[in-house]
Amino acid sequence: MRLEKCWFCSSTVYPGHGIQFVRNDAKIFRFCRSKCHKNFKMKRNPRKVKWTKAYRRLHGKDMTEDTTFEFERKRNRPERYDRNLAENTLKAIKKIVKIRNDRGIKHIEKRKMGKKLKERKEAQKELEQGIHLVQAPSVATLPKIKVAVHQQQAEENQAMEE
């Protein structure tokens, strides 16, 4: 079973699904749904349409430099069946999935950290601008009063506490 990639949005096109468009120069374009086909006919650039994979990669929303994506490349040469090779491939697929998940989690955390930093800076700026609302002006101008406690009163307080 051959899984193709949509020319416009880069999603998977399963056999029997989607639309295939062949241009006069025999270039084949496969689309996963009519939405992609219509956008292609309107001559839209996938890198400028926000829901496409190309846009997400270009603007740092998806991971672009992940070495595990190299395994998705299409290979048209047939391979001879080898039981050991198949077993090793299945083990490698499990490792790749685990690595990709870990990298995805790290990528999301990294993006969240940037947002947290930005929010913290905005909060700090807002606090600096509105500090007069938080601090009452009368409190800052009142003189500090020192209260003298006599030795006898201090001893009575200690006795009551015990």
Side-chain angles (χ1 to χ4, degrees), residues 1-140:
M1 179 168 80
R2 173 167 285 168
L3 303 178
E4 304 289 344
K5 292 282 180 190
C6 176
W7 184 87
F8 196 79
C9 70
S10 303
S11 65
T12 308
V13 181
Y14 290 94
H17 293 262
I19 302 161
Q20 192 170 6
F21 172 73
V22 182
R23 209 164 50 189
N24 285 341
D25 63 350
K27 174 111 173 77
I28 299 171
F29 299 93
R30 289 180 180 84
F31 304 103
C32 59
R33 54 189 180 266
S34 62
K35 178 182 180 179
C36 296
H37 187 221
K38 287 173 186 173
N39 277 292
F40 174 78
K41 286 196 290 186
M42 286 191 275
K43 297 185 177 178
R44 287 199 176 144
N45 188 346
R47 288 172 291 191
K48 293 184 180 178
V49 180
K50 289 193 175 184
W51 52 267
T52 61
K53 199 150 202 157
Y55 175 90
R56 292 185 61 77
R57 281 188 180 164
L58 188 67
H59 290 85
K61 308 292 183 188
D62 275 345
M63 297 190 333
T64 52
E65 296 179 18
D66 192 353
T67 54
T68 59
F69 287 114
E70 291 176 11
F71 290 100
E72 285 186 11
R73 288 195 183 144
K74 191 165 54 173
R75 293 172 181 88
N76 285 329
R77 56 195 155 103
E79 292 284 333
R80 258 192 127 153
Y81 180 75
D82 183 10
R83 189 178 200 139
N84 293 331
L85 179 68
E87 187 178 327
N88 291 338
T89 305
L90 291 173
K91 286 180 185 175
I93 288 171
K94 288 177 185 174
K95 280 185 185 177
I96 290 167
V97 168
K98 185 180 182 307
I99 290 168
R100 192 177 288 174
N101 288 339
D102 292 344
R103 288 181 183 172
I105 291 168
K106 284 180 186 174
H107 176 72
I108 291 167
E109 287 174 1
K110 192 170 141 187
R111 286 190 62 215
K112 282 183 181 176
M113 285 300 293
K115 186 176 180 182
K116 286 180 184 175
L117 251 163
K118 187 178 177 185
E119 287 176 353
R120 191 174 290 143
K121 285 181 183 176
E122 288 173 358
Q124 184 72 26
K125 187 177 178 183
E126 189 177 336
L127 182 66
E128 288 171 2
Q129 289 175 349
I131 192 72
H132 66 281
L133 298 171
V134 178
Q135 224 177 24
S138 61
V139 174

With a distance cut-off below 6.0 Å to the six-membered ring centre and an angular limit of 45° from the axis, does Lys43 pair with Phe40 as a cation-pi contact?
no

Step by step, work out the side-chain contact (heavy atoms from CB on, under 4.5 Å) result for Glu122 and Lys118.
CA-CA 6 Å; Glu122 288 173 358; Lys118 187 178 177 185; 3.6 Å; yes

Does any part of the side chain of [Y], heavy atoms only, come nearer than 4.5 Å to the side chain of [X], both counted from C-beta?
| X | Y | result |
| --- | --- | --- |
| Lys48 | Tyr55 | no |
| Gln129 | Lys125 | yes |
| Lys115 | Arg111 | no |
| Ile99 | Ile96 | no |
| Cys9 | Pro46 | no |
| Ile28 | Trp7 | no |

Apply salt bridge (Lys or Arg N to Asp or Glu O under 4.0 Å) to [X] and list each qualifying residue two or more places apart in sequence or on a separate chain.
| X | value |
| --- | --- |
| Arg120 | none |
| Glu87 | Lys91 |
| Lys98 | Asp102 |

Under 4.0 Å between a Lys/Arg side-chain N and an Asp/Glu carboxylate O for Lys27 and Asp25?
no

Non-hydrogen atoms of [X] and [Y] that approach each other most closely:
| X | Y | answer |
| --- | --- | --- |
| Val13 | Phe31 | CG2-C, 4.1 Å |
| Arg47 | Ala54 | CG-CB, 3.9 Å |
| Trp51 | Arg33 | CZ3-NH2, 3.6 Å |
| Lys5 | Ser10 | CD-O, 3.6 Å |

Distance in Å, [X] [atom1] paired with [Y] [atom2], rounded so as to fall on 0.5 Å steps:
| X | Y | atom1 | atom2 | answer |
| --- | --- | --- | --- | --- |
| Lys50 | Arg56 | NZ | CZ | 11.5 Å |
| Phe21 | Phe8 | CZ | CZ | 14.0 Å |
| Thr89 | Leu85 | OG1 | CG | 4.0 Å |
| His17 | Thr12 | NE2 | OG1 | 11.5 Å |
| Ile19 | His37 | CD1 | NE2 | 5.5 Å |
| Glu109 | Lys116 | CD | NZ | 8.5 Å |

Between the side chain of Ser11 and the main-chain N/O of Cys6, is any donor-acceptor distance below 3.5 Å?
no

Does a sphere of radius 6.0 Å around CE in Met42 hold more than 12 heavy atoms from other residues, nucleotides or ligands, not counting ones at 6.0 Å or beyond?
yes

